[in-house]
Amino acid sequence: FMEWWSLGFRRLRPNRCTILHRDYWQIEHHWKMSETILMFLFKGTPFKNLISGLVGTKTGKYVFDDGYVATERTLVEIGDYCTLNEFSILQSHSMEDGIFKSAMVRLCAGTTVGSNTLFHYGVTTGEQTIIDSDCFVMKGETLPEKTYWRGNPATQTSA
């Protein structure tokens with residue numbers, strides 16, 4: 001309830017503004033209210049998908065969530081049959097030269113995300129894409145379907 005209240009009972013929209021703008025401070029206020037222990041208590045269980053949906057993440061069916069973290073849950077879409085491993089971070093925002101930027105992070109059906117992987121804002125994966133552990137997927141990237149990515153920054157490699 002607190003998380004939805006901090007959003008004014010609406011979803012976040014992708015945004016670009018300075019840190020002096022009212023929109024930035026509303027999102028900053030939301031970050032302070034959105035931490036919940038439930039996200040960690042139920043990782044690896046089907047209840048985590050239910051809880052993620054209640055706090056605003058669009059989650060498909062048969063998603064295995066072993067403890068990913070999303071900074072702005074309403075800016076994340078996870079397709080059917082995805083696997084998200086522990087300590088993966090889906091970060092929908094960035095602060096660049098005093099400008100706050102946010103955009104959607106979309107994982108299409110069948111995407112597998114390795115542990116300790118960081119997705120920056122504006123990333124979209126194709127279906128059945130595999131992202132290895134300890135990767136950093138740069139902002140605005142579109143990963144083609146049925147590809148394998150590894151490294152920092154993530155680059156496409158052959159499986």
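Side-chain atoms are counted along with the backbone in the values below, which use heavy atoms only and exclude waters and symmetry mates. Not measured: the values here are computed from a predicted model.
Rounded to the nearest 0.5 angstrom, Thr155 OG1 and Tyr148 OH are separated by 10.5 Å. Atom CD1 of Ile78 and atom CG of Leu90 lie 6.0 Å apart (nearest 0.5 Å). The structure places CZ of Arg73 at 11.0 Å from OG1 of Thr59, a figure rounded to the nearest 0.5 Å. Expressed to the nearest 0.5 Å, how far CD of Glu141 lies from CZ of Phe119 amounts to 10.0 Å. A distance of 10.5 Å separates CG of Leu41 from NZ of Lys48, quoted to the nearest 0.5 Å. Atoms NZ and CG, from Lys58 and Leu75 in turn, are 10.0 Å apart once rounded to the nearest 0.5 Å.
Using a 4.5 Å cut-off on side-chain heavy atoms (C-beta onward), Thr117 and Asp134 make no contact. Using a 4.5 Å heavy-atom cutoff, the side chains of Gln128 and Lys146 are in contact. Residues Leu143 and Ile131 are in side-chain contact: their nearest non-hydrogen atoms beyond the backbone lie under 4.5 Å apart. A heavy-atom distance below 4.5 Å is not found between the side chains of Phe87 and Val69.
For the pair Ser115 and Asn85, the tightest heavy-atom approach, listed with the atom from each and the gap, is N-CB, 3.6 Å. Closest heavy-atom contact between Val76 and Ser92: CG2-OG, 3.8 Å. In terms of heavy atoms, Glu127 sits closest to Cys108 at N-CB, 3.8 Å. Closest approach of Thr129 and Glu145 over heavy atoms only: OG1-CA, 3.9 Å. Taking every heavy atom of both residues into account, Asp65 and Ser52 meet most closely at OD2-OG, 4.3 Å. When all heavy atoms of Tyr121 and Ser94 are compared, the pair lying nearest together is CE2-CB, 3.3 Å.
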CA sep, side-chain torsions, deciding dist, call: His93, Thr71, side chain to side chain contact (heavy atoms under 4.5 Å, CB included): CA-CA 8 Å; His93 75 276; Thr71 54; 3.4 Å; yes
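Looking at Thr142, its side chain never comes within 3.5 Å of a backbone N or O of Thr125 through a donor-acceptor pair. No side-chain donor-acceptor contact under 3.5 Å links Asn116 to the backbone of Cys135. The backbone N or O of Thr74 lies less than 3.5 Å from no partner atom in the side chain of Glu72, so there is not a single donor-acceptor pair.
Taking the six-membered ring where the residue is Trp, Tyr81 and Tyr62 present parallel rings, their angle staying beneath 30° rather than reaching 60°.
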Can I get a per-line list of side-chain donor-acceptor pairs under 3.5 Å for residues 98-107, giving both atom names and the distance, sequence neighbours left out?
from: Lys101; atom 1: NZ; to: Glu96; atom 2: OE1; distance (Å): 2.8
from: Ser102; atom 1: OG; to: Asn15; atom 2: N; distance (Å): 2.9
from: Arg106; atom 1: NE; to: Glu77; atom 2: OE1; distance (Å): 3.1

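Under the 4.5 Å side-chain heavy-atom criterion for grouping Ile, Leu, Val, Met, Phe, Trp and Tyr, Trp149 is connected to Val113 within one hydrophobic cluster.
Test Thr83, Thr57, Ile89 against Tyr68 for side chain to side chain contact (heavy atoms under 4.5 Å, CB included) and you get one pass: Thr57.
Between Lys43 and Asp66, none of the side-chain N atoms (NZ, or NE/NH1/NH2) sits under 4.0 Å from a carboxylate O, so this pair counts as no salt bridge.
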